[in-house]
*Asks:* 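Structure below; questions to follow.
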Amino acid sequence: MKPTIRPIKGTRDFYPAEMAFRTWLYGKMRAASQRFGYQEYEAPMLETLELYAAKSGEELVKEQSFVFTDRGGDTITLRPELTPSLARMVAQKQRELPKPIRWWSFGPFWRYERPQKGRTREFFQWNIDLLGVDSAYADAELVAVLVEFFRSVGLSAAQVVIKVNNRKLMEAQIKALGLETDKIDGIYKLIDKLDKLPTDKWRAYGRDDIGLSAAQIDQLSGLLNNRDLWQQSSELTAFFNAINDLGVSDYVEFDPAIIRGLAYYTGVVFEARECSGSFRAICGGGRYDNLVADVGGEPLGGMGFAMGDVVIGLVLEEYGLRPALRPIPTEALVTIFDATLIGTSARIAATLRSAGLNTELFPEAAKLDRQLKYANTQSIPVVIIIGPDEAAAGKATVRDLRSGQQQVVGQDQLVNVVRAVVSGQ
RNA sequence: GUGCCUGUAGCUCAAUGGUAGAGUACUGGACUGUGGAUCCAGUUGUUGCGGGUUCGACCCCCGUCAGGCACCCCA
């Protein structure tokens, strides 16, 4: 049996087990966000293409967005990221929004690329941003939220690391090397490739594609190996001081090779990675001081990051940190002994539901054996049996499938007994 | 868009160019008022699809579709 209608490439079907994990993840993101006082919001999933033009990065907009023309002739994009929408929403109500703005969101995004490990065409992403405060503590706060999240899902500083750099520092250092400013995008690209290419290939790329001399490449290489370079940046020294105060320094390190791809970052940039390096970045973020003005608002700086659901899911899987979730909410199953007792069972199920118990009624009279097997495979903890004996005596059997123990009780006490057994008392 | 790899039962995978199999899952029974464990039995296939080579193709060749991985980019 093969479905004649295929799902769209790069999309995922969330069967109940996967949906339970997604909901769990969403809850962890919500909890970390709320711990720091952030408010949930949502933006449209459809935006005009021009919102992203020249602000997100050429490739992302021109090659990796789902774009279509609507019936009115407008060019519409399925959102590939959230930050431009956030900037637009802030710019629209800039005067009336109290500062600082602390907002977070979790929702679907689309990018048209070849699916592979950690990458799908439709994915879910946690976004969290702080706007209106330009300080080292603001930058550090977002990292602290991220650490709060990592701790809450059980990821230790030995398993994940947050690598931080600052674009202003790198820009100044590159200028100090006497390199032309118009080559800076290419140099950022070269830096980004440092740990992706072997040394000789990396040098060849810098020479042939970016147009650097051997001496310039040597100097750049020196910069990228200088783990103390952050000490030359007042922003980074203040940042690492704040990281200390916020109690998250064990997760954070300076890495001069972190640049990030998005064009709108202006200051601190960071990403989180699994320590063995066998996964893509878990999240990425940074400071963007021009974006709100770019979409028509008054200048307002911001700082934020985004985490996709796919890579973090793989990392949690790798460390055995995906919780055993039970997608079935049912607390009690009312069995149907035979056709003559359907009404009795249905009335008892209704009573249990009225009392607030999640109650499933077996859909037909069947062998008890089958009904109990069903409850067992679905991990339903409690089963109610009303056979001819119980019915005649106005009683019901309550069986705890976890312990295997059962008791016969009067139907007038059933709610209290079931409630007690379900809660394990 | 480029490259490499893989398509066999619902799932995970076997099968020197010579009769398509196992585990698991599922269904039934042992057990006609009781799940998990054990045992027994049974069902499951256009070997992705279309050509070609061959006496004979799951196996070799070509094409095609689908999936995976890497590049690109990035969550």
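Worth knowing before you read on, the calculation uses all heavy atoms, side chains too, and leaves out hydrogens, waters and symmetry mates. From a predicted model like this one, the values you see are computed outputs, not experimental measurements.
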*Asks:* Looking at the base of B:U34, is there any donor atom on it, or on the side chain of A:Arg370, that sits under 3.5 Å from an acceptor on the other one?
*Replies:*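 Donor-acceptor pair under 3.5 Å: no.
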*Asks:* Does A:Arg22 make a cation-pi contact with A:Tyr26 (under 6.0 Å, within 45 degrees of the axis)?
*Replies:*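 Negative - A:Arg22 is either too far from the ring of A:Tyr26 or too far off its axis.
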*Asks:* Work out how far the P atom of B:G23 is from that of B:U64, and round it to whole angstrom.
*Replies:*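 After rounding to an integer number of Å, I get 39 Å for this pair.
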*Asks:* Between the main-chain N or O of A:Ala366 and the side-chain N or O of A:Gln371, is there a donor-acceptor pair closer than 3.5 Å?
*Replies:*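 The answer is yes, because a donor-acceptor pair under 3.5 Å joins these two groups.
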*Asks:* For the side chain of A:Arg111, starting at C-beta, report the closest nucleotide among B:G33, B:C74, B:G35.
*Replies:*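 Among the listed nucleotides, the one closest to the side chain of A:Arg111 is B:C74.
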*Asks:* When rounded to the nearest Å, what value does the distance between P atoms of B:A41 and B:U54 take?
*Replies:*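 It works out to 45 Å between them.
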*Asks:* Within this structure, what is the OH-to-P distance between A:Tyr205 and B:C72, rounded to whole angstrom?
*Replies:*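 To the nearest whole Å, that distance equals 8 Å.
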*Asks:* Which of the following nucleotides, B:G33, B:U34, B:C73, is nearest to the side chain of A:Gln406?
*Replies:*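 Given the options B:G33, B:U34, B:C73, the side chain of A:Gln406 is closest to B:U34.
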*Asks:* Scan every strand shown for a Watson-Crick or G-U wobble partner of B:C73, both distances under 3.5 Å, and answer none if you come up empty.
*Replies:*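 For B:C73, the partner nucleotide comes out as none, under the 3.5 Å rule.
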*Asks:* Base, sugar-phosphate alone, or nothing: which one does A:Gln378 contact when heavy atoms must sit under 4.0 Å apart?
*Replies:*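 Nothing, no nucleic acid heavy atom in range.
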*Asks:* Would you say A:Lys189 places a side-chain N or O within less than 4.0 Å of OP1 or OP2 belonging to B:C73?
*Replies:*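 Checking B:C73 against A:Lys189, a side-chain N or O does come within under 4.0 Å of OP1 or OP2.
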*Asks:* Does B:G56 have a Watson-Crick or wobble partner in any strand here, with both distances under 3.5 angstrom, and which is it?
*Replies:*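 B:G56 is unpaired by these criteria.
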*Asks:* With a 3.5 angstrom cut-off on both distances, give the Watson-Crick or G-U wobble partner of B:U47, or none if there isn't one.
*Replies:*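 Base partner found: none.
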*Asks:* Roughly how many Å apart are B:G3 and B:C74, using the P atom of each and rounding to a whole number?
*Replies:*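 Pairwise P distance, B:C74 against B:G3, rounds to 23 Å.
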*Asks:* Which part of the nucleic acid does A:Thr83 contact within heavy-atom distance under 4.0 Å: base, sugar-phosphate only, or nothing?
*Replies:*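 The answer is nothing, as A:Thr83 stays clear of every strand by at least 4.0 Å.
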*Asks:* Has A:Gln116 got a side-chain N or O lying under 4.0 Å from the OP1 or OP2 atom of B:A70?
*Replies:*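 It does, given that an N or O in the side chain of A:Gln116 lies less than 4.0 Å from OP1 or OP2 of B:A70.
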*Asks:* Could you check whether A:Arg322 makes a cation-pi contact with A:Phe21, meaning its NZ or CZ is under 6.0 Å from the centre of the six-membered ring and within 45° of the ring axis?
*Replies:*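 Yes, A:Arg322 sits over the ring of A:Phe21.
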*Asks:* A:Phe337 near the nucleic acid: base, sugar-phosphate alone, or nothing, with a heavy-atom cut-off under 4.0 Å?
*Replies:*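 Base: the residue A:Phe337, judged by heavy atoms under 4.0 Å, touches a nucleobase.
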*Asks:* Is there a side-chain contact between A:Lys373 and the phosphate of B:U27, meaning an N or O under 4.0 Å from OP1 or OP2?
*Replies:*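 Checking A:Lys373 against B:U27: no side-chain N or O falls below 4.0 Å of OP1 or OP2.
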*Asks:* With respect to the side chain of A:Leu368, which nucleotide from B:G1, B:G33, B:C73 is positioned closest?
*Replies:*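 It is B:G33.
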*Asks:* Provide the distance between the two P atoms, one in B:U34 and one in B:A15, to the nearest whole Å.
*Replies:*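 The answer is 45 Å between these two P atoms.
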*Asks:* Measure across A:Pro388 and A:Leu341 and return the closest heavy-atom pair with its distance rounded to 0.1 Å.
*Replies:*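 Result for this residue pair: N-CD1, 3.8 Å.
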*Asks:* Describe the nucleic acid contact of A:Gln371 in one word from base, sugar-phosphate, nothing, applying a heavy-atom distance below 4.0 Å.
*Replies:*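 Touches nothing.
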*Asks:* Whole angstroms only, please: what is the CG-P distance between A:Asp209 and B:C72?
*Replies:*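 Atom-to-atom, A:Asp209 to B:C72, this comes out as 11 Å.
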*Asks:* At 4.0 Å (heavy atoms only), tell me whether A:Ala375 reaches a base, stays on the sugar-phosphate, or touches nothing.
*Replies:*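 Here A:Ala375 touches no strand at all.
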*Asks:* Taking B:G45 as the reference, what is the distance to B:C4 when you measure between their C1' atoms (whole Å, please)?
*Replies:*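 Per the computed distance, 30 Å lies between those C1' atoms.
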*Asks:* Between B:C73, B:G35, B:G33, which one does the side chain of A:Leu372 approach most closely?
*Replies:*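 It is B:G35.
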*Asks:* With ring pair (Phe, Tyr, Trp, His ring centres under 6.0 Å) as the test, pick out the partner of A:Trp126 among A:Phe305, A:Tyr38, A:Phe106.
*Replies:*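 Single ring pair (Phe, Tyr, Trp, His ring centres under 6.0 Å) partner of A:Trp126 among A:Phe305, A:Tyr38, A:Phe106: A:Phe305.
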*Asks:* Would a distance-only check, ignoring hydrogens and angles, find a side-chain to backbone donor-acceptor pair under 3.5 Å from A:Arg399 to A:Leu401?
*Replies:*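 Not confirmed, A:Arg399 side chain does not pair with A:Leu401 backbone.
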*Asks:* Considering only atom C1', compute the distance from B:A57 to B:G17 and round it to an integer number of Å.
*Replies:*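 About 7 Å, rounded to a whole number of Å.
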*Asks:* Measure CD1/A:Ile258 against P/B:C74 and give the value in whole Å, please.
*Replies:*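 Taking CD1 of A:Ile258 and P of B:C74, I get 13 Å after rounding.
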*Asks:* Taking any strand in view, what nucleotide pairs with B:A15 in a Watson-Crick or G-U wobble way, both distances under 3.5 Å?
*Replies:*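 None - no nucleotide pairs with B:A15, as no candidate has both distances under 3.5 Å.
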*Asks:* Can you tell me which nucleotide in B:G68, B:C73, B:G33 comes closest to the side chain of A:Gln64?
*Replies:*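 So the nucleotide nearest the side chain must be B:C73.
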*Asks:* Compare the minimum distances between each of B:C74, B:C73, B:G67 and the side chain of A:Arg119, then state the nucleotide with the smallest one.
*Replies:*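 The nucleotide sitting nearest to the side chain is B:C74.
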*Asks:* Would you kindly check if the NZ (Lys) or CZ (Arg) of A:Arg121 is within the cone defined by 45 degrees around the ring axis of A:Tyr112 and under 6.0 Å from the six-membered ring centre?
*Replies:*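 Because its charged atom sits under 6.0 Å from the ring centre and within 45° of the axis, A:Arg121 does stack over A:Tyr112.
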*Asks:* Classify the nucleic acid contact of A:Ile385 as base, sugar-phosphate or nothing, counting any heavy atom under 4.0 Å across all strands shown.
*Replies:*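 A:Ile385: base contact, heavy atoms under 4.0 Å.
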*Asks:* Can you measure A:Lys193 atom NZ to B:C71 atom C1' for me and round it to whole angstrom units?
*Replies:*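 That distance rounds to 8 Å.
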*Asks:* Paired with B:U34: which nucleotide, if any, by Watson-Crick or G-U wobble criteria at under 3.5 Å for both distances?
*Replies:*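 Partner of B:U34: none.
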*Asks:* C1' atom, B:G10 versus B:U16: distance in rounded Å?
*Replies:*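 The answer is 31 Å between these two C1' atoms.
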*Asks:* Quick check: any donor-acceptor pair below 3.5 Å linking the side-chain of A:Arg399 to the base of B:G35?
*Replies:*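 Flag set: donor-acceptor pair detected.
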*Asks:* Which of the following nucleotides, B:G67, B:G33, B:A70, is nearest to the side chain of A:Lys9?
*Replies:*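 Among the listed nucleotides, the one closest to the side chain of A:Lys9 is B:G67.
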*Asks:* Which part of the nucleic acid, if any, lies within contact of A:Asp309, taking any heavy atom under 4.0 Å across all strands shown: a base, the sugar-phosphate backbone alone, or nothing?
*Replies:*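 Result for A:Asp309 = nothing.
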*Asks:* Between B:C55 and B:G7, how many Å separate the two C1' atoms, rounded to a whole number?
*Replies:*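 Between the two C1' atoms, the distance is 28 Å.
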*Asks:* Which base, if any, makes a Watson-Crick or G-U wobble pair with B:A9, both distances under 3.5 Å?
*Replies:*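 For B:A9, the partner nucleotide comes out as none, under the 3.5 Å rule.
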*Asks:* Please report, rounded to the nearest Å, how far the C1' atom of B:G1 is from the CZ atom of A:Arg114.
*Replies:*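 In whole Å, B:G1 C1' and A:Arg114 CZ are 8 Å from each other.
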*Asks:* Could you state the CG-P distance from A:Leu333 to B:U34, rounded to the nearest angstrom?
*Replies:*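 Checked: the CG to P distance equals 16 Å.
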*Asks:* Backbone N or O of A:Ile217 within a donor-acceptor pair of the A:Ser221 side chain at under 3.5 Å?
*Replies:*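 Flag not set: sc A:Ser221 to bb A:Ile217 has no pair under 3.5 Å.
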*Asks:* Taking only N and O in the side chain of A:Lys367, is any of them less than 4.0 Å away from OP1 or OP2 of B:U27?
*Replies:*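 No.
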